[in-house]
Protein chains: 2
Amino acid sequence: MTRNDRPETLRRATIKDVARLAGVGVGTVSRVVNGMPEVSAASVEAVHNAIEFLGYRRNDSARILRTGATESIGLLVEDVADPFFSLLNRAVEDEVVRQGSVLLTASSSKSPDRARKLILTFCSRRVDGLIITLPEGSDEDYLIREHAAGIPMVFVDRPPQKVAADVVLTDNRGGAMQGVKHLIAHGHRRIACITDRAELFTARERVNGYRDALIDSGNPFDPSFVFSAALEQEQVDTMLGRMLADSDPPTAVFAGNNRAAVMVIGAMRRHGTLLAMVAFDDFELADIVEPGITVVAQDPQGMGVMAMDLLCARLQGSQAPPKTVTLGTRLIPRGSGELPVSGIHLPTVLR
Amino acid sequence: MTRNDRPETLRRATIKDVARLAGVGVGTVSRVVNGMPEVSAASVEAVHNAIEFLGYRRNDSARILRTGATESIGLLVEDVADPFFSLLNRAVEDEVVRQGSVLLTASSSKSPDRARKLILTFCSRRVDGLIITLPEGSDEDYLIREHAAGIPMVFVDRPPQKVAADVVLTDNRGGAMQGVKHLIAHGHRRIACITDRAELFTARERVNGYRDALIDSGNPFDPSFVFSAALEQEQVDTMLGRMLADSDPPTAVFAGNNRAAVMVIGAMRRHGTLLAMVAFDDFELADIVEPGITVVAQDPQGMGVMAMDLLCARLQGSQAPPKTVTLGTRLIPRGSGELPVSGIHLPTVLR
DNA sequence: ATGAAAGCGCTAACAA
DNA sequence: TTGTTAGCGCTTTCAT
């Protein structure tokens, strides 16, 4: 027994100790600790004194075991250090804290295996609910079981394949469309699309939106202008070079996420050109470059809040059919997306 | 009773249910679940089947209550969405996950009151240990009590005033010195210092380092070149303007953190000048501007790992006197810090 | 190798 | 208003 190994002085006071010292029963102590009304002033006083003296603090493990409510929420994202998810994390935290619960957080690191372990740990901890960004390629059977066992879940950023639960997404397709149409509105016809691996739900959707915008506005969709692969600087450099060598080269770029945007900036510098650009997903300091980067902003905080809202509804017993909420995007013009068709060639000194 | 209100179908299976179905005692089930050796193959088989059939998952609340070990760590930072702390968070998480524990995270939002509530909640949850960035102005008495009650704590980024516990810090003073000396080495004598409120431990230390570097190298320390206040763009603009109007104006700037750096960049643009600059604290995309921002990088991951190391030592019963570990910084030259004394005036088109 | 039983600290029902 | 007590689900002796 872990606790009893310790010297007596390091055993934390229990409700029993308090009761004994205060000269009341444990029930009374419990009532005082939980601020229940039907206790005499004298008892309250005595209990408070004892608590103060003993440095008593309720043991929530015992409380949880007894009541069955853990007042905790589990959050699994791809990486808590990723700006997008850290913002989501914070928004969820604020909701969780507001209702007096605690938040267990973890990062999947894109590993389905790590995700499974973490989620199952959360389930063993009997979290009241789970907010999950599932890594690509996850087996979902275990989720179905836990979900069926009564743990409410809401999925964020990407939809699950099999679990029938609430989902919160960004309107990736619509947002991409919005961004590309912005470029078209500024006169661009030949627009490159640089984005992440097509295996990723979000990347796929954004390419779809890119294509839709082009077709919608009567422009040709040229697959050779789409780079959808693991983002690496060299590849992007090469790819952009190839596109620029086209007989009808791009005058603008749609970057599918901010890593892509950064690489495109690098590639443009190396090629000594400055194409118009709109990037999906806002980022801090998008305006310290000249021109500032025009972005299609997602709303990570909004996603977090919405996820918690949906979760809370389930916690209150809602049996409504699973809902998928899609949050809109916001285009923030900062300069790069409003550049004219005639490309600007940077003076050498500033490249 | 919360649990028994629920329909029978939604009550999760317990160890008893498994035992009954498998035709063994609860002790045996427990042994199987925990992978203890002394169980017959037949029992293991039967138990596994029952577990599978019932969708049994151990209830950690009960386990925790019994064993007294929560296998959880509480982390309180200023804001989980802040890049510095989110990196620290992730590093801590990885250590925590590696040893099979869970991580409770929360943001103080610079509020001593919120911090107190959160920390006391963690204490009620009986976390095994606590990693804390305490907001400026916190009362620490409650921490002393909890610490004395046996909850190990390590403080990160800023030292506590009263609690005698382990601390992990960045060498703010040394780092600032390193940055300023880098500028001096590139010929600068007149160096401005733009940083946050002097109430903040880190800002204060960095100003100290700035002063030390100047004095060490025989340069005068001119208080009128130090701006240490709440960082707002307008103020920084005005302040820089005033400094530039000096009879012996600055040729370089030491920015005390990355918010300061961004504002200095803005101010320089507005004043149509480009001074050399070194900024404290690295940031993503510090190299997408031209020139890239030379920074004195901290090591948030290293701090997280170190904090967990110290915590684990305490968890294993170390009674050594409290240690303060100071992590060194790393200067990353990217261009802005290597600019010569002769200021560059940007061509208008690029301002 | 295994079952029975005590008990972790708490809450809530019940009795007084 | 209050004390007593059962029991939440688990681990861990102690017999067998």
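Since this is a predicted model, take the numbers as computed values, not measurements. Below, chain A is the first sequence line, B the second, and so on; all start at residue 1.
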Only distances under 3.5 Å count here; give the side-chain donor-acceptor pairs of residues 308-318 of chain B to other protein atoms, sequence neighbours excluded, each with its distance to 0.1 Å.
unit_1: B:Arg314; atom_1: NE; unit_2: B:Asp166; atom_2: OD2; d: 2.8
unit_1: B:Arg314; atom_1: NH1; unit_2: B:Ser318; atom_2: O; d: 3.1
unit_1: B:Arg314; atom_1: NH1; unit_2: B:Ala320; atom_2: O; d: 2.7
unit_1: B:Arg314; atom_1: NH2; unit_2: B:Asp166; atom_2: OD1; d: 3.0
unit_1: B:Arg314; atom_1: NH2; unit_2: B:Asp166; atom_2: OD2; d: 3.4
unit_1: B:Arg314; atom_1: NH2; unit_2: B:Ala320; atom_2: O; d: 2.9
unit_1: B:Arg314; atom_1: NH2; unit_2: B:Pro321; atom_2: O; d: 3.4
unit_1: B:Ser318; atom_1: OG; unit_2: B:Ala320; atom_2: N; d: 3.3

Item to check | Minimum-distance nucleotide (side-chain atoms of B:Tyr56 versus C:dC10, D:dC10, C:dC8) | outcome: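 Minimum distance to the B:Tyr56 side chain belongs to D:dC10.
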Only distances under 3.5 Å count here; give the side-chain donor-acceptor pairs of residues 21-30 of chain A to other protein atoms, sequence neighbours excluded, each with its distance to 0.1 Å.
unit_1: A:Ser30; atom_1: OG; unit_2: A:Asn34; atom_2: ND2; d: 3.4

Interatomic distance, [X] [atom1] vs [N] [atom2] [rounded to whole Å]:
{"X": "B:Arg12", "N": "D:dC10", "atom1": "CZ", "atom2": "P", "value": "10 Å"}
{"X": "B:Arg66", "N": "C:dG7", "atom1": "CZ", "atom2": "C1'", "value": "6 Å"}
{"X": "B:Arg57", "N": "D:dG9", "atom1": "CZ", "atom2": "P", "value": "16 Å"}
{"X": "B:Leu65", "N": "C:dG9", "atom1": "CG", "atom2": "C1'", "value": "5 Å"}
{"X": "B:Ile15", "N": "D:dC8", "atom1": "CD1", "atom2": "P", "value": "13 Å"}
{"X": "B:Arg63", "N": "D:dC8", "atom1": "CZ", "atom2": "C1'", "value": "17 Å"}
{"X": "A:Asn59", "N": "C:dG7", "atom1": "CG", "atom2": "P", "value": "18 Å"}
{"X": "A:Lys16", "N": "D:dA6", "atom1": "NZ", "atom2": "P", "value": "13 Å"}

Taking [Y]'s backbone N and O only, do any of them form a donor-acceptor pair with [X]'s side chain (distance below 3.5 Å, no angle check)?
{"X": "B:Arg57", "Y": "A:Cys123", "result": "no"}
{"X": "B:Glu140", "Y": "B:Lys162", "result": "yes"}
{"X": "A:Arg31", "Y": "A:Val39", "result": "no"}
{"X": "A:Ser138", "Y": "A:Leu134", "result": "no"}

Next on the checklist: When you measure from the side-chain N and O atoms of B:Arg58 to the phosphate of D:dT11, is any distance below 4.0 Å, counting only OP1 and OP2?
Outcome noted: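 Result: yes.
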Checklist entry - Got a sec? Which of residues 33-48 of chain A come in under 4.0 Å of DNA chain D, heavy atoms? => result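 Result for residues 33-48 of chain A: A:Glu38, A:Val39, A:Ser40, A:Ser43, sorted by number.
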Item to check | Near-strand residues of residues 22-32 of chain B, defined as heavy-atom separation under 4.0 angstrom from DNA chain C | outcome: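 Contacts with DNA chain C under 4.0 Å: B:Gly23, B:Val24, B:Gly25, B:Val26, B:Thr28, B:Arg31.
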Only distances under 3.5 Å count here; give the side-chain donor-acceptor pairs of residues 71-84 of chain B to other protein atoms, sequence neighbours excluded, each with its distance to 0.1 Å.
unit_1: B:Ser72; atom_1: OG; unit_2: B:Thr70; atom_2: OG1; d: 2.9
unit_1: B:Glu78; atom_1: OE1; unit_2: B:Arg158; atom_2: NH2; d: 2.3
unit_1: B:Asp79; atom_1: OD1; unit_2: A:Arg90; atom_2: NE; d: 2.8
unit_1: B:Asp79; atom_1: OD1; unit_2: B:Ala81; atom_2: N; d: 2.9
unit_1: B:Asp82; atom_1: OD1; unit_2: B:Phe84; atom_2: N; d: 2.8
unit_1: B:Asp82; atom_1: OD1; unit_2: B:Phe85; atom_2: N; d: 3.4

Checklist entry - What closest approach, in Å, do A:Gly129 and A:Ile151 show between heavy atoms, and which atom pair accounts for it? => result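 Heavy-atom minimum between the residues: CA-CG2, 4.4 Å.
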Item to check | salt bridge (Lys or Arg N to Asp or Glu O under 4.0 Å) partners for B:Lys16, two or more places apart | outcome: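 B:Lys16: no salt bridge (Lys or Arg N to Asp or Glu O under 4.0 Å) contacts found.
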